[in-house]
Amino acid sequence: MKLVVAVVQDQDSNRLSNALTKNDFRATKLASTGGFLRSGNTTFLIGTEDSLVQKVLDVIRDNCRSRDQMVAPISPMGGNADAYIPYPVEVEVGGATVFVLPIEQFHHF
């Protein structure tokens with residue numbers, strides 16, 4: 001048994017949720033916030049059998065795309081102003097960060 005933890009950008013959340021349901025995977029969605037851009041993310045917790053992990057990863061890969069986006073940096077309130085860039089920069093956003101963890105026991109009551 002494995003626990004797949006996938007952190008995805010909010011823009012990809014509904015598409016991934018629908019695809020997981022269509023492929024008969026149950027998932028718990030948690031609201032989360034990213035550290036670098038301080039933007040909204042969704043974290044999916046997906047429990048699955050070892051033999052289905054690759055299928056879950058394929059569904060995530062097919063539905064979470066990275067893209068370039070212009071972002072206005074957040075002012076460093078009280079922080080180090082030396083590293084602050086006062087103009088928008090292009091960064092890669094989206095995609096998914098995925099962790100696959102072994103599970104000793106699983107109970108569904």
Side-chain angles (χ1 to χ4, degrees):
M1 191 77 175
K2 300 288 188 211
L3 174 64
V4 179
V5 179
V7 181
V8 304
Q9 191 178 36
D10 279 344
Q11 288 178 304
D12 297 324
S13 176
N14 286 334
R15 183 173 46 251
L16 178 58
S17 182
N18 292 336
L20 288 169
T21 301
K22 181 180 175 184
N23 286 277
D24 296 322
F25 292 111
R26 293 182 182 171
T28 298
K29 288 173 54 172
L30 305 171
S32 53
T33 303
F36 175 63
L37 297 176
R38 295 181 175 88
S39 60
N41 292 325
T42 302
T43 300
F44 287 86
L45 303 177
I46 309 156
T48 189
E49 297 297 329
D50 292 1
S51 62
L52 295 175
V53 169
Q54 189 56 53
K55 185 173 180 182
V56 171
L57 295 175
D58 291 341
V59 170
I60 295 169
R61 183 181 300 109
D62 292 344
N63 289 279
C64 299
R65 299 174 184 89
S66 59
R67 54 199 156 275
D68 291 331
Q69 177 178 320
M70 293 300 286
V71 176
I74 298 171
S75 173
M77 300 293 279
N80 183 0
D82 295 338
Y84 177 65
I85 303 170
Y87 50 86
V89 294
E90 187 174 45
V91 296
E92 186 176 298
V93 297
T97 300
V98 182
F99 304 91
V100 180
L101 307 167
I103 299 299
E104 263 187 51
Q105 294 183 7
F106 171 77
H107 302 280
H108 184 78
F109 301 108

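Hydrophobic clustering of Ile, Leu, Val, Met, Phe, Trp and Tyr side chains at less than 4.5 Å, counting indirect connections, unites Ile103 with Leu45. There is a path of hydrophobic side-chain contacts, each under 4.5 Å, that joins Val53 to Phe25. In the hydrophobic cluster analysis, where Ile, Leu, Val, Met, Phe, Trp and Tyr join through side-chain heavy atoms closer than 4.5 angstrom, Val5 is grouped together with Phe106.
Exactly one residue among Leu52, Leu101, Ile46 makes a side chain to side chain contact (heavy atoms under 4.5 Å, CB included) with Val4. That residue is Ile46.
Shortest non-hydrogen contact noted between Lys2 and Asp50 is CG-OD1, 3.2 Å. Heavy-atom minimum distance, Phe44 versus Ser13: CZ-O, 3.6 Å. Across all non-hydrogen atoms, the minimal contact from Ile60 to Ala96 is CG2-CB, 3.7 Å.
Rounded to the nearest 0.5 Å, atoms OG1 (Thr33) and CG (Asp10) are 8.5 Å apart. In this structure, Leu3 CG and Phe99 CZ are separated by 11.0 Å, a value rounded to the nearest 0.5 Å. Put simply, NE2 on His108 and CZ on Arg26 are 5.5 Å apart, with the number rounded to the nearest 0.5 Å. With rounding to the nearest 0.5 Å, the separation of CD in Gln9 from OG1 in Thr97 is 11.0 Å. Going from atom OG1 of Thr42 over to atom CG of Asp12 covers 9.0 Å, rounded to the nearest 0.5 Å. Considering NZ of Lys55 and CG of Leu20, their distance stands at 10.5 Å, rounded to 0.5 Å.
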(request) Would you check, one step at a time, whether the test side chain to side chain contact (heavy atoms under 4.5 Å, CB included) holds for Asn14 with Lys29? (result) CA-CA 10 Å; Asn14 286 334; Lys29 288 173 54 172; 3.8 Å; yes
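Ion pairing between a basic and an acidic side chain is recognised when a charged N comes within 4.0 Å of a carboxylate O; Asp58 and Arg61 show such pairing.
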